[in-house]
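Read through the structure below, which is laid out as C-alpha coordinates, and then see the notes.
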Amino acid sequence: MTHSAIDRCDVLDLLEEAAVARRSVEVELRDGRSFVDGVRDVVTENGRDYVVFERHLRLPVAEIARCGRTPDGPRDGNR
(Lines give C-alpha, C1' and ligand atoms only; values in the text may rest on other atoms or scores of the structure.)
Protein backbone atom coordinates (compact mmCIF):
# COMPACT_ATOMS: atom_id res chain seq x y z
CA MET A 1 0.00 0.00 0.00
CA THR A 2 1.19 3.45 -0.77
CA HIS A 3 -0.19 4.96 2.45
CA SER A 4 -0.84 3.22 5.74
CA ALA A 5 -3.34 4.60 8.19
CA ILE A 6 -3.79 2.96 11.57
CA ASP A 7 -5.40 5.74 13.61
CA ARG A 8 -9.22 5.62 13.37
CA CYS A 9 -9.46 9.33 12.52
CA ASP A 10 -6.88 8.93 9.73
CA VAL A 11 -8.84 6.00 8.31
CA LEU A 12 -12.09 7.98 8.42
CA ASP A 13 -10.45 10.99 6.76
CA LEU A 14 -9.02 8.86 3.98
CA LEU A 15 -12.34 7.06 3.38
CA GLU A 16 -14.32 10.31 3.34
CA GLU A 17 -11.80 11.87 0.96
CA ALA A 18 -12.10 8.84 -1.34
CA ALA A 19 -15.90 9.13 -1.37
CA VAL A 20 -15.83 12.83 -2.27
CA ALA A 21 -13.02 12.50 -4.83
CA ARG A 22 -14.52 9.32 -6.33
CA ARG A 23 -11.32 7.34 -5.76
CA SER A 24 -10.67 3.72 -4.91
CA VAL A 25 -8.83 2.62 -1.79
CA GLU A 26 -6.80 -0.42 -0.82
CA VAL A 27 -8.19 -1.96 2.35
CA GLU A 28 -6.60 -4.51 4.66
CA LEU A 29 -8.94 -5.98 7.26
CA ARG A 30 -7.96 -7.07 10.76
CA ASP A 31 -8.60 -10.71 9.74
CA GLY A 32 -5.93 -10.46 7.00
CA ARG A 33 -8.20 -10.17 3.96
CA SER A 34 -7.62 -7.28 1.58
CA PHE A 35 -9.28 -5.70 -1.44
CA VAL A 36 -9.48 -2.59 -3.59
CA ASP A 37 -12.84 -0.87 -4.01
CA GLY A 38 -14.50 2.50 -4.46
CA VAL A 39 -16.05 4.24 -1.48
CA ARG A 40 -19.65 5.40 -1.81
CA ASP A 41 -20.13 6.86 1.67
CA VAL A 42 -19.06 6.84 5.31
CA VAL A 43 -21.90 6.83 7.84
CA THR A 44 -22.30 6.79 11.61
CA GLU A 45 -25.10 4.74 13.15
CA ASN A 46 -25.60 4.20 16.87
CA GLY A 47 -22.13 5.59 17.57
CA ARG A 48 -20.35 3.23 15.13
CA ASP A 49 -18.74 4.25 11.85
CA TYR A 50 -19.36 2.25 8.67
CA VAL A 51 -18.00 2.50 5.15
CA VAL A 52 -20.25 1.78 2.18
CA PHE A 53 -18.25 0.34 -0.72
CA GLU A 54 -19.24 -0.03 -4.35
CA ARG A 55 -18.69 -3.79 -4.70
CA HIS A 56 -18.25 -5.02 -1.11
CA LEU A 57 -20.70 -5.12 1.76
CA ARG A 58 -20.99 -2.24 4.19
CA LEU A 59 -18.23 -2.64 6.75
CA PRO A 60 -17.58 -1.33 10.26
CA VAL A 61 -14.56 0.97 10.11
CA ALA A 62 -13.27 -0.77 13.27
CA GLU A 63 -12.61 -3.90 11.16
CA ILE A 64 -10.09 -2.03 8.96
CA ALA A 65 -6.46 -2.53 9.96
CA ARG A 66 -5.02 -0.32 7.19
CA CYS A 67 -6.19 1.54 4.15
CA GLY A 68 -4.48 3.63 1.54
CA ARG A 69 -4.94 5.50 -1.68
CA THR A 70 -4.63 3.62 -4.94
CA PRO A 71 -2.36 5.01 -7.64
CA ASP A 72 -5.04 4.70 -10.35
CA GLY A 73 -6.63 8.16 -10.04
CA PRO A 74 -10.35 8.92 -10.04
CA ARG A 75 -12.82 6.16 -10.83
CA ASP A 76 -14.79 6.31 -14.02
CA GLY A 77 -18.57 6.28 -13.93
CA ASN A 78 -18.74 2.65 -15.13
CA ARG A 79 -17.55 0.98 -11.96
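We count residues from 1, following the sequence as given.
Put simply, the side chain of Ser24 never gets that close to the backbone of Thr70: no donor and acceptor are under 3.5 Å apart.
The shortest distance between side-chain heavy atoms of Val61 and Arg48 does not fall below 4.5 Å.
Here the closest non-hydrogen pair linking Val36 and Arg55 is O-NH2, 3.5 Å. Residues Glu28 and Ser34 come closest through the heavy atom pair CA-CB, 4.1 Å. Here the closest heavy-atom approach between residue Arg40 and residue Glu54 is recorded as NE-CA, 3.4 Å. Annotation for Val39 and Ala18: closest pair CG2-CB, 4.0 Å, computed over non-hydrogen atoms.
With rounding to the nearest 0.5 Å, the separation of CZ in Arg66 from CG in Asp10 is 13.5 Å.
Transitive grouping of hydrophobic side chains (ILVMFWY, heavy atoms separated by less than 4.5 Å) keeps Leu29 and Val52 in distinct clusters. Connection of Val27 to Leu12 is established within a shared hydrophobic cluster, with ILVMFWY side chains joined at heavy-atom distances below 4.5 Å, either directly or through further cluster members.
Electrostatic pairing of Arg33 and Glu63 does not count as a salt bridge here, judged by no charged N lying under 4.0 Å from a carboxylate O. Between Glu17 and Arg69 a salt bridge is recorded (basic side-chain N to carboxylate O distance below 4.0 Å).
Between Phe35 and Phe53, the ring-plane angle classifies as perpendicular under the 30° and 60° cut-offs.
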field: From CA spacing to verdict: side-chain contact (heavy atoms from CB on, under 4.5 Å), Asp13, Leu15
entry: CA-CA 6 Å; Asp13 287 347; Leu15 293 170; over 6 Å; no
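Only one option out of Val11, Asp37, Ile64, Asp41 pairs with Val51 in a side chain to side chain contact (heavy atoms under 4.5 Å, CB included); it is Ile64.
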